[in-house]
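One structure is given below, encoded as structure tokens.
Below, read A as the first sequence line, B as the second, and so on, with proteins coming before strands; counting in each chain starts at 1. The figures here come from the full heavy-atom set of this structure, side chains too, leaving out hydrogens, waters and symmetry mates.
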There are 2 protein chains.
Amino acid sequence: MYVRSSTATVVVVAALVGPCLAVESARAQDPLPSWNDGPSRKALTDFVAKVTTEGSREFVKPAERIAVFDNDGTLWCEQPAYVQALFVVDRIRELAKDHPEWKVTEPYKSVLTGDMQAIAASGEKGIVELVAATHAGITTAEFEALVKDWLKTARHPKFNRPYTECIYQPMRELLTFLRAKGFKTFIVSGGGVEFMRPWADETYGIPPEQVVGSSIVAKFEMRGGQPVLVKKPKIEFIDDGPGKPVGINRFIGRRPILAFGNSDGDLQMLQYTTIGPGPRLGLIVHHTDAEREFAYDRQSHFGRLDKALDEAPQRGWIVVDMKTEWKRVFPENVQKEQ
Amino acid sequence: MYVRSSTATVVVVAALVGPCLAVESARAQDPLPSWNDGPSRKALTDFVAKVTTEGSREFVKPAERIAVFDNDGTLWCEQPAYVQALFVVDRIRELAKDHPEWKVTEPYKSVLTGDMQAIAASGEKGIVELVAATHAGITTAEFEALVKDWLKTARHPKFNRPYTECIYQPMRELLTFLRAKGFKTFIVSGGGVEFMRPWADETYGIPPEQVVGSSIVAKFEMRGGQPVLVKKPKIEFIDDGPGKPVGINRFIGRRPILAFGNSDGDLQMLQYTTIGPGPRLGLIVHHTDAEREFAYDRQSHFGRLDKALDEAPQRGWIVVDMKTEWKRVFPENVQKEQ
């Protein structure tokens, strides 16, 4: 009786649970559920299969499976402006309370009136001045706290959600998939390294030591018996364009086998990663979806994609058509504030 | 019959194999066989137990278990001179064939005649010139090949073995032990990052992306259709003294919980790592063994240990007495050439 009863229970439970498990299992079997069946998905999965199959002629040992990702426009949204630029604007507004002279002094005046064209016209000198005013004169720990606090309340103007939720779900799945296949994933971005590190681990699963970016000079000091690093108003390194291979060499110290970008700022990183012997893959996010995100390429102020788009066919770089290849753009089921 | 025979065989085999397994097992149980029972060994194992015991008040999650190690004098021998300095001398001698003018030009002349005092007197200008002549004007890949080739034939003048075998066996065991306990181990050295990366993985189990060091400028170029990085005769970053916390912040992006050094060049790294809340450990190799290695501290030209030694007691840094605390200094059973 006991045995029979037990068996019957198992059968009933199995009948109820079975279908759920089957669905779960199907999901579990597809590590890239937000990627439609298309050329990009195929290129990615074929490449990963090729380099991870032991005994294959193109097998790459795990330590050499270095994958690098641009951030702005590749992992998260960079329109209507780079998130870090929006952070600078908010910070200038905040600090303006103590700087009445900024109302009549460029480039601050243009920031306060929201004149983006005038800011752009102020050139590198203007940008350096804004970075100095907003990023320097404080310790690295203080800056980290500022970034975290700002991200808690800032909202994307079009999507009305935190910027850390304006990240691309297909890319997040790809990062997880690659790591499960023994890859080490790095961010290599023109953005400030200390602007990205405070949230990259939680958001992308990429720890601080795997984030490469632009930086300003920092200096070691003892303050009140405590060791601190004070950020100085001096650009140290621009991790963009030809700076990206330099940053990769400096921070990672070996050549990646996979690079993913979306703009001409990624051109040299794509070249450095893909030109040479052995299996290599370069990919470009093409922003073709004005409805779900933004549509832009050759004429955009932020994330211009022109030369790299021209060079893609001859290099064999995969151009990912966001509109047709991504089932969804942003993560679903995230907390969305009013 | 079959069963009995089988059992008998098992008993016999167990009797034969048992003692061997017992010895193996005892070895396996001690992850630090080259460390004598002493205060340093105890401080290390106590610290690791404390931060890795879940539920303990001082538990540190694996991602935060960052341990940083100086290289010269901490992981390998730095006497009678830094290994990289000896590389520079050999390289100048090699290149002198094409530079007859070096016989009468400083600082080359002093290098060729082996006048170390005159080289030191040439100051930073002289050092920069030597680095430029020996490290620049070539690609990063070419430099890596030079370093690997040199290490194959160069021998330590006192120990007559390759420099990569003049590494400290107790430290190698410690690196392995820490990694087994979930630590991520980094080198943070004043030495050139591109001088260390070619052999650090094989020698210490530390991959290129976990090596932080000094560097000269590199520039991205396409040469004959191939992407390369060309090393330029310009110092980019000195990862020594107050530069070490800067390098840690730049490359690792979080504060370590354990730092191991041996000289005043590690003073700020030890301060940065150990002063602050939470469990933290600082250690210093004290070179006290003139017989098995070298004995030096406050007066040494290379690896001077003076201020950090004075500061150790008040900071609680553990000073490792090489002579009494290390059972052996270098690895045994390594291939030793004539």
Side-chain angles (χ1 to χ4, degrees), chain A residues 62-64 66 139-141 144 184 186 193-194 196-198 200-201 205-213 215-222 225-232 236-237 241-255 267-277, chain B residues 62-64 66 139-141 144 184 186 193-194 196-198 200-201 205 207-213 215-222 225-232 236-237 241-256 267-277:
Chain A
E64 302 282 346
I66 304 285
T139 68
T140 50
E144 181 177 336
K184 205 162 179 178
F186 288 82
V193 66
E194 293 186 338
M196 297 181 283
R197 280 175 171 162
D201 200 355
I206 298 180
E209 62 270 25
Q210 285 161 229
V211 180
V212 180
S215 55
I216 61 174
V217 169
K219 206 166 162 290
F220 177 79
E221 281 179 25
M222 292 292 282
Q226 294 297 309
V228 295
L229 290 163
V230 182
K231 291 165 72 71
K232 299 286 168 183
E236 177 183 79
F237 178 55
K244 289 206 176 191
V246 171
I248 289 169
N249 179 64
R250 181 187 297 182
F251 287 81
I252 308 176
R254 43 184 158 197
R255 213 143 71 92
L267 178 62
Q268 288 85 357
M269 175 170 85
L270 286 161
Q271 291 171 336
Y272 184 63
T273 302
T274 62
I275 303 173
Chain B
E64 303 282 347
I66 304 286
T139 68
T140 51
E144 181 177 337
K184 205 162 178 177
F186 288 81
V193 65
E194 293 187 336
M196 296 181 284
R197 281 176 170 160
D201 200 356
E209 62 270 24
Q210 285 162 228
V211 180
V212 180
S215 55
I216 59 174
V217 169
K219 207 166 162 290
F220 177 78
E221 281 180 26
M222 293 290 283
Q226 295 297 310
V228 295
L229 290 163
V230 182
K231 290 164 73 70
K232 299 286 168 184
E236 178 182 76
F237 178 56
K244 289 205 176 191
V246 171
I248 289 169
N249 178 62
R250 181 186 295 182
F251 286 82
I252 307 175
R254 44 185 159 195
R255 214 143 71 93
L267 177 62
Q268 289 84 357
M269 175 170 84
L270 286 161
Q271 291 170 335
Y272 185 63
T273 301
T274 62
I275 303 172

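Put simply, of A:Arg254, A:Lys184, A:Glu194, the one with the most heavy-atom pairs under 4.5 Å next to chain B is A:Arg254. In terms of heavy-atom pairs under 4.5 angstrom with chain B, the leader among A:Gly225, A:Pro245, A:Gly276, A:Ser215 is A:Pro245. Per-residue counts of heavy-atom pairs under 4.5 Å with chain A were compared for B:Arg250, B:Gln268, B:Gln226; the largest is that of B:Arg250.
Remark: B:Glu144 pairs with B:Lys148 by the salt bridge (Lys or Arg N to Asp or Glu O under 4.0 Å) rule, at least two apart or across chains. Evaluation of the side-chain hydrogen bond (donor to acceptor under 3.5 Å, both in side chains) rule for B:Asp201 yields no partner, not counting sequence neighbours.
For chain A, the nearby parts of B:Ile275 are the backbone and the side chain; heavy atoms of each come within less than 4.5 Å. Contacts between A:Phe186 and chain B at a heavy-atom distance below 4.5 Å involve the side chain alone, from C-beta outward. Interface remark: A:Glu236 contributes side-chain atoms only to the contact with chain B (heavy atom separation under 4.5 Å). Using a 4.5 Å cut-off between heavy atoms, A:Ile252 touches chain B through backbone and side chain atoms alike.
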Stepwise side chain to side chain contact (heavy atoms under 4.5 Å, CB included) test for B:Phe220 and A:Asn249: CA-CA 10 Å; B:Phe220 177 78; A:Asn249 179 64; over 6 Å; no

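For A:Gly253 against B:Pro208, the heavy-atom pair with the smallest separation is O-CB, 3.9 Å.
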